[in-house]
Amino acid sequence: MIRSYMTGDESGINTLFESVFQKKRSLTEWQWKFETLSSNFPIIIVAVEDNQIVGHAACLLFDAVNVDGMPILIGERVDIMVHPNYQGLGIYSKIVKELIKESEKQNAAYLYGFPAEKAKNIFITIGQATDLGNINRYVSLNLPSLRKNKQHQLMKTLPEFDLVNMSNIDFDSTIYVKRSKAFLKNRFIKHPSIDYYVYQSDLSYVIYRIDRLKSIIPIYSIVDILAVDEVAVLANFKKAIGFGVVSTWGIPNSPLEKALKKTGFSVQSSPMPFVVKTLKNHDYGQTFNNWRILQGDVDSF
């Protein structure tokens, strides 16, 4: 049976998640992702056989802006999975079709995702989606600075008025998830297991997380950046953090890529396919460069 999510499905969904991806996910993490992350309740489709959830497809719905500046709703397709014992029975196809059908009912303009190769081919075939290309990963070795490093500020400690100011930058001729105060708070401050930091300069910001390689070299992963002058804020951010490796990713041949290359970043790999399903009567979303996608737009970063 294919149906929409009902209260109480969380446990069965997490059990399926562990069976498919071989890792546990707590109820708290599920609640953040599906109840907190977006102000719009997600679309969740499940397949039930033998009184257990054996298939799952979901779409996180975000308030966004189209290239013409009009507000739209877009969806990130996530956690499309079928239990190993029930694969090959057509369940994947059914839940994807139902997900698209429900997304159209919700008036979403686009569905986007970053599927693995097999899932990508199925989504393209079943959902008539388009593979726009792979997103690049950029890396820069940041050498020590003579300047005193800026203290890292946790997003969790950011004052409310700073969040308001940080959400006031828009981009022309680009499809992007709106960085509202609510989005910044739900996405970064309320994350249950990851600490995010922010570097601010006037109204511009860089949001990042800090990891370490062999406990010696800090890894600064930029997950979001908003700035009128991206070159300037990236350069100042690198001066502020001192020694370490800085990593981020973005769309090839985009204004952000130009800013990254001007500030010492180079392409290390292109690991992420970006697949889009257009649900409205326009083709803006079929052009890779019309999108602005960063790691902050992916729930797993």
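Counting all heavy atoms, side chain and backbone alike, V245 lies closest to I217 at CG2-CG2, 3.9 Å. The two residues P252 and N289 make their nearest non-hydrogen contact at O-OD1, 3.1 Å. Across every non-hydrogen atom of E230 and L256, the tightest pair is OE1-CA, 3.5 Å. Taking every heavy atom of both residues into account, T36 and K190 meet most closely at CG2-CD, 3.8 Å. Across P273 and N134, no two heavy atoms sit closer than the pair CA-OD1, 3.4 Å. Shown here for Y138 and G250, the closest heavy-atom pair between the two residues is CE1-N, 3.4 Å.
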Show, in sequence, the C-alpha distance, side-chain angles and deciding distance for D224 and R179, and conclude whether the salt bridge (Lys or Arg N to Asp or Glu O under 4.0 Å) test is met.
CA-CA 10 Å; D224 203 18; R179 265 41 177 184; 3.0 Å; yes

Side chain to side chain contact (heavy atoms under 4.5 Å, CB included) between Y208 and F237, worked out:
CA-CA 10 Å; Y208 57 104; F237 167 70; 3.5 Å; yes

Test ring-ring contact (aromatic ring centres under 6.0 Å, His included) on F34 and Y5; report intermediate values, then the result.
CA-CA 11 Å; F34 292 101; Y5 161 85; 8.3 Å; no

Dump the intermediate steps for side chain to side chain contact (heavy atoms under 4.5 Å, CB included) on V177 and Y112, then the final yes or no.
CA-CA 12 Å; V177 174; Y112 71 91; 4.2 Å; yes

Would you sort out whether F114 and F274 count as a ring-ring contact (aromatic ring centres under 6.0 Å, His included), showing the intermediate values?
CA-CA 5 Å; F114 313 87; F274 183 58; 5.6 Å; yes

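Under the 3.5 Å distance criterion, the side-chain polar atoms of D68 are matched with a main-chain donor or acceptor of M70. Of the possible donor and acceptor atoms, one in the side chain of S180 sits under 3.5 Å from a partner among the backbone N and O of F183. A donor-acceptor pair is defined here as one N or O able to donate and one able to accept, closer than 3.5 Å; no such pair exists between the side chain of Y205 and the backbone of M166. A donor-acceptor contact shorter than 3.5 Å is absent between the side chain of E98 and the backbone of K94. Panel note: side chain R187, backbone G296; a donor-acceptor pair is recorded below 3.5 Å. In this structure, the side chain of N236 does not engage the main chain of V233 through any donor-acceptor pair within 3.5 Å. Between the side chain of N142 and the backbone N or O of G244 there is no donor-acceptor pair closer than 3.5 Å. Proximity of a side-chain donor or acceptor of T248 to a complementary backbone N or O of I222 within less than 3.5 Å is detected. With T157 contributing its side chain and L154 its backbone, the two residues share a donor-acceptor pair below 3.5 Å. Between the Q22 side chain and the S19 main chain, a donor and an acceptor come within less than 3.5 Å of each other.
A donor and an acceptor atom, one from each side chain of T263 and K238, are nowhere located under 3.5 Å apart. In summary, the side chains of Y176 and D297 do not present any donor paired with an acceptor at a separation below 3.5 Å, with no hydrogens or angles considered.
K277 NZ to Q286 CD: the interatomic distance, rounded to the nearest 0.5 Å, is 9.0 Å. The CE atom of M155 sits 12.5 Å away from atom NE2 of H191, with the distance rounded to the nearest 0.5 Å. Here the straight-line distance linking atom CD1 of I13 with atom CG of L27 works out to 10.5 Å at 0.5 Å rounding. Note that NZ of K33 and OG of S300 are 7.0 Å apart. Values are rounded to the nearest 0.5 Å. Note that CD1 of I207 is 7.5 Å distant from CG of L226, once rounded to the nearest 0.5 Å. Summarising the geometry, atom CG belonging to L163 is positioned 9.0 Å from atom CG belonging to N165; distances are rounded to the nearest 0.5 Å.
K181 has a carboxylate O that lies under 4.0 Å from a charged side-chain N of E160, or vice versa, which qualifies the two as a salt bridge.
The environment of K262 atom NZ is sparse: at most 12 non-hydrogen atoms of other residues, nucleotides or ligands sit within 6.0 angstrom. Sparse packing is recorded around NZ of K101, with 12 or fewer heavy atoms of other residues, nucleotides or ligands lying under 6.0 Å away. The environment of K97 atom NZ is sparse: at most 12 non-hydrogen atoms of other residues, nucleotides or ligands sit within 6.0 angstrom.
Using a 4.5 Å cut-off on side-chain heavy atoms (C-beta onward), T278 and V276 make contact. Looking at heavy atoms from C-beta onward, H56 lies in side-chain contact with I44 at the 4.5 angstrom threshold. Between I74 and W291, some side-chain heavy-atom pair lies under the 4.5 Å cut-off. The side-chain heavy atoms of Y197 and Y220, taken from C-beta on, include no pair separated by under 4.5 Å.
Applying the ring-ring contact (aromatic ring centres under 6.0 Å, His included) test between F188 and each of W32, Y196, F301 identifies Y196 as the sole match.
Hydrophobic clustering, with ILVMFWY side chains joined whenever heavy atoms are under 4.5 angstrom apart, keeps V65 apart from V164. Cluster membership check: V67 shares its hydrophobic cluster with I251, using side-chain heavy-atom separations under 4.5 Å among Ile, Leu, Val, Met, Phe, Trp and Tyr. Hydrophobic clustering (ILVMFWY, side-chain heavy atoms < 4.5 Å, transitive): I216 and F243 are in one cluster. Follow the hydrophobic side-chain contacts under 4.5 Å out from M1 and you reach I53 in the same cluster. L234 and V231 fall into different hydrophobic clusters, where Ile, Leu, Val, Met, Phe, Trp and Tyr residues are linked whenever their side-chain heavy atoms come under 4.5 Å apart, directly or through other members.
Other cluster members for L111: I2, I43, I45, V54, L61, L73, I80, V82, Y86, L89, I91, Y92, I95, V96, L99, I100, I122, F123, I124, I126, V275, L279, joined by side-chain heavy-atom distances under 4.5 Å among Ile, Leu, Val, Met, Phe, Trp and Tyr.
Applying the side-chain hydrogen bond (donor to acceptor under 3.5 Å, both in side chains) criterion to E104, with sequence neighbours excluded, gives no partner residue.
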